[in-house]
Engineer: 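This is the structure, below, for whatever I ask next.
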Amino acid sequence: KPTTANAASNDSSVSAIKKRGTIKIAVFQDLPPYGWVNKKGKLTGYDLALARQVAKDLGVKTKFVQVNANNRVDALNSNKVDIVLANFTVTDERKQVVDFAKPYMKVSVGVISPKSKPITKVSQLKGKDLIVTKGTTAENYFTAQQKDVNLQKYDSKTQQFNALKNGRGVALADDNSYLYAWVKNNPKYTVGIKSIGPKQYIAPAVKKGNKSLLTWTNKEITKLNKAKFFEKSYNSQLKPYFGSEVKASDIIITNK
Amino acid sequence: MSWQIIQQSLPMFQKGFILTLQMSALGILGAIILGLMCSLCQYFKIPVLKQIVGAYIELSRNTPLLIQLFFIYYGLPGIGLKLSAYTCGIIGLIFLGGSYMAEGFSGGFDGIPNSQIESGKAIGLSQGQLTRYVVFPQGFALSIPALAANIIFLIKETSIFTVIAIPELTNTALDLIGLYYHTNEYLLVLVVGYAIILIPLSIILTWLERRIRYGTFGD
Amino acid sequence: MTELLRVEHLNKAYGEVPVLQDISFTVNTGEVQVVLGPSGSGKSTLIRCLNGLEPYQSGTIYFQGQKIDPTPKNWQLLRQKIGMVFQSYDLFPNLNIMDNITLGPIKVQKQSKATAQKEALRLLDTVGLADYTAKFPRELSGGQKQRIAIVRALALHPDFMLFDEVTASLDPEMVRGVLEIMANLAKQKMTMIVVTHEMNFAQQIADNVLFLDDGHILESTPGKDFFTNPQTDRAKEFLQSMDF
Amino acid sequence: MTELLRVEHLNKAYGEVPVLQDISFTVNTGEVQVVLGPSGSGKSTLIRCLNGLEPYQSGTIYFQGQKIDPTPKNWQLLRQKIGMVFQSYDLFPNLNIMDNITLGPIKVQKQSKATAQKEALRLLDTVGLADYTAKFPRELSGGQKQRIAIVRALALHPDFMLFDEVTASLDPEMVRGVLEIMANLAKQKMTMIVVTHEMNFAQQIADNVLFLDDGHILESTPGKDFFTNPQTDRAKEFLQSMDF
Amino acid sequence: MAHSGINLIFEGQNLPRLLGGLWITIRVALIAIIAGGVLGIFLGVLRTFKNRLLRFILRLYLEFFRIVPTVVLLFLFYYILPKSMNLNLPAAEVATLVFTLWMAAEASDIVRGALISVPQHQVDSGLAIGLNRSQLYYYVLIPQSLKLMLPAMMNLISRIIKTTSLLLLISVLDVINVGQQIIEANQKQYPQGAFWVYGVIFVLYFLICYPFSLLAKKLQKD
Ligand SMILES: Nc1ncnc2c1ncn2[C@@H]1O[C@H](COP(=O)(O)OP(=O)(O)OP(=O)(O)O)[C@@H](O)[C@H]1O
Ligand SMILES: Nc1ncnc2c1ncn2[C@@H]1O[C@H](COP(=O)(O)OP(=O)(O)OP(=O)(O)O)[C@@H](O)[C@H]1O
Ligand SMILES: [Mg+2]
Ligand SMILES: [Mg+2]
C-alpha cells in the first residue's frame, strides 16, 4: 500500500511495528547455518533464531523477506523490511547508508580451497580466479586491497559454492565463520586462509534515522546477552555445523 | 543523483559494455549460422535432421535462457562437462538464438509466393538453381525484419549472463550497487548503456530492412 | 500435321475431390488450342499438369510421340521445351528485366551470356520493350510485366506455350497489347494452349476449343464452330453469360 | 427533376499530386450517373469523396440543396442516406449474412431487431438469397457476396447509391447476376452513381456519363450519345480500347 | 552417482516445494497476462487513433519496455519504485507489476498491428453503413483482429512465462529459488543436485510453454 515519504520512515518505528503486528525482517535463506531452508523446507539458522526472538520480545509476528548480499541495503531503504538480520557485517561504507545496532557476532574474511590444491597465502591468488558473492565484505576487501586477484562475482551463496565445487575458481572468499561450517560438510575443502583483513562485526541494521527501532534493538541485544541467548543459540544452531577449529568465543560476543 | 559517482563508475561500466558487445556479436553470429543451417534442413525437408531440428527449436524456444545457462553452467559439471562462463554464455545465446533465427529464416522462405517457385520451375530451373536465384535472395529479404528483431532480443538477453558471473553491463551494475550502494546512479548508467547499444542499432536495422526490401521487391 | 502433344485418360484429384476426369486430347504442331470453361472447371489444373507443376493420379501424356515418365527430373528437363505464362505477372522481383529473361537460357541451357542477351534484346524488341533491359519488375506496369513474362518463356525457344488467363489481372486498357502479342505468336504458327476469358480473342485465334465443365471435357470443337454453334447446352449457356 | 446532389469545384490531392481537379456536376433524383475513365483517372477517389471516406482540399458538395459541412460527425450521419458498394466484396467476415445486413439498421438507425430482420429478408428475397441468412461470407461465392453487399447498403434505405466497379473482381459468370440487380434498381428509379468497366451495361443504364481523365471531367454527355458519339478524342480512344 | 541424483527430487517435501515455487511463478505470469492483456488491447486501440501526442506517448512507453532488458526493468522497479514513488510492494508484486506493464506494452503493439491489418475496405464499408468510431471498433475491427493477433499473443504469453525465471534475481521465492534451496540443503548427500534440480526445472518450463507455442503454430496455420 502506498504511503508518504515521512510516514514511510516512521513505518518501521517500534510503535508502528507493534501496531501493524508484524515485523518484516530481511534474512538469507541460502546460508547455512545462519539463515537457510533445511531439507524439510523450514527456514532456520542462527540469524533466524535471533529474528524470532526479536519478534517475540516485540510481541509481533514475523514476516521474512529473502535477500541477497547485494540488496540488503536497498531492502531497508525501499522499506521492504524493518530490520536486516542477514549476516550483515559492519563497514564504513555501510554505516553511511544504514544504522547498525550493537554487534552480535565476530567475523573476518577467510578463504577456502580444495585440500588437493590449498591456498594458504593471499599471494597465491595473484592472477587467479577467486569466487565471491556480490556485496559481501569479502568482495569489498579484495576489490579494495587485492587488485591483482580476478574476482568471479555471483549473486547468491548457492551459486558461489556450486561454482567452487565445479572448479570455476581456485578458491572462494567469504566470512570465515560459515566457511568453517561449509568445509565440515565438504571435507575435500579446507579453510586455507583463516583470516585476512580487519576483524569485523556483524550487527542488525535498520534504516538510517530509525532511532526508535535502533534504540530498542540495542537494548534487546544487551538483554539477550545477559540472558545468554547467543551462547545457547550458538550451541544449538552453529556448533553442530562447525568443525573443531572453531570455538564459541571466536564467533559470539559475550562481554559487551 | 551524483555526477561524480557516475563518472567514477564509468571505467567499470565501459568494460562491461565492451563485454556485452563482444558476447552479443559472437552469440548473434553463431545464432545466425545455426539458424540458417536449421532452416535449410527444414526447407529441404532433409529426413532425420529435420526432426532433430524441429525438436531442438521447440526445446530452445520453450525454456528460459536463465535455466539453460544454469543447467549448462552449474548442472553439466555434475556429469563431467565443465565449460568456462564465457563459453557457457556464448553457447547459451547460440542455443537460444539459433531457434529464433531459424524460425525467422523459415518465415522468409515460406513467405515467397508459390507462383515465384513455379515460374522458376517453368523456365526449367533445377532445385539448386531455384534455391540460388529465387529462394535465397527473396527469402533472405523477407526474413530481415524477423532477424533484426531477434538481434535486438538477443542483445537484451545477454543481461541474464549476470547469473553466471560474467561481468557484462548488468552484472557490473548489480555488483557496484552491492559494493557502494549508489543504486540510482548505477541503474541510470545501466539503462543508458543499453540505450546506447540498442537505439542506434534498431535505427540502423530498420534502415537496412527498408533498403534490402526495396532492393529486392521495390516496395 | 504432326502431333506434338497427346493426353490420354488423365485423372487428377485433390485429396478425394476429382478435379480432372478422363481428359484426352491431342494438339498438333502449329495449332492453337483454346481451353474454355466456367470458373473451377479445372482449366488451370489441366495447364499445370501439362508441365508437371501438378502431379496427376493416372493417365499418360505423350510429347512428340514419346511417353512422358512423370518424374521430377524428367519434368525439369522437359520444361525448357514448354513455355508457360501465368495469370499473376511473376517476374523475379530481385532480378532486372534482362536477368529475368536470360536466367533460363544461361543457367539451364548453358548459352553464353552474349548469345542469350542478344536473343533477349531481339525478343524484347518484338514486344516493344527493348529499352527496359536494366529496369526492375517493380518499375513496370502490369501489361509490361506480362509481356516480359511472355518473352522470358520464349527465350528458351520452347516447342509450345501454355497461357493461363494471362490478361485476367490486367487493367482493361493493358489487355490489348498482351493479346496482340499472343495473336502474333499464333500467326507465326507457335503451338499454344490458351486459357482465357476474352471471348473475342479466343474466337479470333482458336483452331480448336476444349470446353471443360466440372473436370470433364464436355466438347472439343473447331474454333470456327464453337462460338457460333456450340454442341452442348452447357457451352451455349456459358457463352451467353460471357457476353452480357 | 429535383436536384439531389451537386458538386462544385471539388479539388483533391494526395500530398502534392492532384487527383481530382475542379470537379463540378449535378445528379437529379432518380437519375443514373455513370462515371467512366481510364485506370487512375480518379473515379474511385471521386466516389469516396462523395460519402466522406476521403477528405478533399476545396470545393463544396450540396446534398438535397444543403451544403455539406465536411466534419467527420456530419459525414457519419449522412452516410445512412448514401449507400455504397465497393469492388472488393467487403462483407464483415465475423458476422453472418443477417447480422451483416442488420448491423446498420439496428445500431445506427436504432430499428428494432424484428423490423430490421423482416426488411432484410424482404431485400434478400429480391436478390434470390433469402435462404442464406445464417451463412457466413466465406461460404458464399463472389457474386453472392456482392449481391449481399448491395442488400446491406439498401437496408438503410439510402437516398442514393454509389457503386465502384462492383463487378470487377467477379468471375465473368457471376457478373450478370449482379448487374441485373443494379439494372433493376435503376428501373425502380433509385438515384445512382456508378463506376464500371462493363460498357454494355453502362450504355444500358446511363442517363448521363461523366468521362474522367487525369482528374478532370473531360466530358459530361447524355448516356444515349456518349457511346455512339463521344465528344472528345480521348473518350473515343477509351471506348475503342474497351472493346477489343 | 549421477543416476541416483534424480531421487533428490522425490525425497521428502522437495517435489511439493518445487511445485509450490512453480505456483508463485505461474501466479505472477497469470496475473500479468490477464491484466496486461486487457490493458494492452485498450492501449492498442488508442494507438490506432490519429492523435499524435497520444500515439507518441504510447510509442515511447512501448519503446522503453522494448529497449530495457527485463532484468534491468525488474531492478529498476524493485529499487526505485519504493524510494521515489513511495510505493512499497513485496518483490512478487513488483514483479507482477513489471510483467503486467511489459505484457501491456508488447500486447499493445500486437493489437495495433492486427487492427491496422484489417483491410482498409472493411473500415470503409463499416463507415459506409454509418457506424461511428466505437461501433466500428466494437463490431468490425476488434472481432476481426482477434483472430489475426492470436498467434502473436500466444508467443508473447509463452515469452512472459519464460521470463518469469528472472524472478529469482529480485529474490522472489520462485521455482528456481526453491530449487537452489534444495540444492543447498542436500549438497552433501547429492553433490550432483544442481544437474537434476535445474534439469527438472528446465523440463517444467518446457511443459508449460510448449502448449502455447503449439497453439500459436496451429492458429497461424488456419
Ligand atoms: N491446391 C488445391 N487444393 C485443393 N483444391 C484445389 C486446388 N487448386 C484448385 N483446386 C480445386 O480444383 C478445381 C479446379 O480448379 P482450377 O483452378 O483448375 O479451375 P479453373 O478452371 O482454372 O478456374 P478459374 O477460371 O477460376 O481460374 C476447383 O474446384 C478448385 O477449388
Ligand atoms: N491513398 C492514396 N495515396 C496516394 N495516391 C493515391 C491513393 N489512392 C489513389 N491514389 C492515386 O490517385 C489517382 C486516382 O486513383 P483512383 O483509384 O481514384 O483511380 P480510378 O480511376 O478509380 O482507377 P481504377 O480504374 O484503376 O480503379 C491514381 O493516380 C492513384 O495512384
Ligand atoms: Mg484458373
Ligand atoms: Mg477505382
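Every chain is numbered from 1, with letters handed out A, B, ... down the list of sequences.
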Engineer: Show your working on side-chain hydrogen bond (donor to acceptor under 3.5 Å, both in side chains) between B:Gln138 and C:Asn94 and close with a plain yes or no.
Structural biologist: CA-CA 7 Å; B:Gln138 293 186 34; C:Asn94 51 316; 3.2 Å; yes
Engineer: Within a radius of less than 6.0 Å around CD of C:Gln66, do more than 12 heavy atoms belonging to other residues, nucleotides or ligands occur?
Structural biologist: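 Not more than 12 within 6.0 Å, no.
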Engineer: Considering only heavy atoms, which portion of B:Gln129 lies under 4.5 Å from any heavy atom of chain C: side chain, backbone, both, or neither?
Structural biologist: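 Side chain of B:Gln129 only, per the 4.5 Å heavy-atom cut-off to chain C.
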Engineer: So, C:Arg138 side chain and B:Tyr214 main chain: donor-acceptor pair closer than 3.5 Å or not?
Structural biologist: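 Here the side-chain-to-backbone pair exists.
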Engineer: Please classify the contact of C:Leu77 with chain B as side chain, backbone, both or neither, using a heavy-atom distance under 4.5 Å.
Structural biologist: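 When you check distances to chain B, no heavy atom of C:Leu77 falls under 4.5 Å.
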Engineer: Examine whether an atom of C:Phe92 lies under 4.5 Å from a heavy atom of chain B, and if so say whether it belongs to the side chain, the backbone or both; otherwise answer neither.
Structural biologist: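 Looking at C:Phe92, backbone and side chain both touch chain B.
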Engineer: Looking only at non-hydrogen atoms, find the nearest pair between B:Gly124 and C:Gln76 and report the distance.
Structural biologist: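 Closest pair (atom of B:Gly124, atom of C:Gln76, distance): O-NE2, 3.2 Å.
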Engineer: Hey, is CZ on B:Phe140 packed in by over 12 heavy atoms from elsewhere, all under 6.0 Å?
Structural biologist: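 At most 12 heavy atoms, drawn from other residues, nucleotides or ligands, come within 6.0 Å of this atom.
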Engineer: To the nearest 0.5 Å, what is the distance between CD on C:Gln80 and CG on B:Leu125?
Structural biologist: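 Rounded to the nearest 0.5 Å, the CD-CG separation comes out at 10.0 Å.
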Engineer: With rounding to the nearest 0.5 angstrom, report the CD to CD distance, C:Glu54 to B:Glu118.
Structural biologist: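 C:Glu54 atom CD to B:Glu118 atom CD measures 7.0 Å (nearest 0.5 Å).
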Engineer: What is the minimum heavy-atom distance between B:Ser119 and C:Arg152, and which atoms define it?
Structural biologist: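 Of all heavy-atom pairs spanning B:Ser119 and C:Arg152, the closest is CB-NH2, 3.4 Å.
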Engineer: Around atom CD of C:Glu139, are there more than 12 heavy atoms from other residues, nucleotides or ligands closer than 6.0 Å?
Structural biologist: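 It does: C:Glu139 CD has more than 12 such atoms within range.
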Engineer: If you take all heavy atoms of C:Leu91 and B:Gln116, which pair is closest and at what distance?
Structural biologist: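 Heavy-atom minimum between the residues: O-NE2, 2.8 Å.
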Engineer: To check you understand the geometry: which heavy-atom pair defines the closest contact between B:Ile123 and C:Val108, and what is its length?
Structural biologist: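 For B:Ile123 versus C:Val108, the nearest heavy atoms are O-CG2, 3.7 Å.
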Engineer: Please indicate whether C:Tyr132 has more than 12 foreign heavy atoms, meaning atoms of other residues, nucleotides or ligands, lying under 6.0 Å from its OH.
Structural biologist: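 Counting neighbours around OH of C:Tyr132, 12 or fewer heavy atoms of other residues, nucleotides or ligands fall under 6.0 Å, so no.
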Engineer: In terms of heavy-atom proximity below 4.5 Å to chain B, should C:Leu156 be classed as side chain, backbone, both, or neither?
Structural biologist: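 Side chain of C:Leu156 only, per the 4.5 Å heavy-atom cut-off to chain B.
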Engineer: Could you give the distance from CG (C:Leu103) to OH (B:Tyr133), rounded to the nearest 0.5 Å?
Structural biologist: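 OH of B:Tyr133 is found 7.0 Å from CG of C:Leu103.
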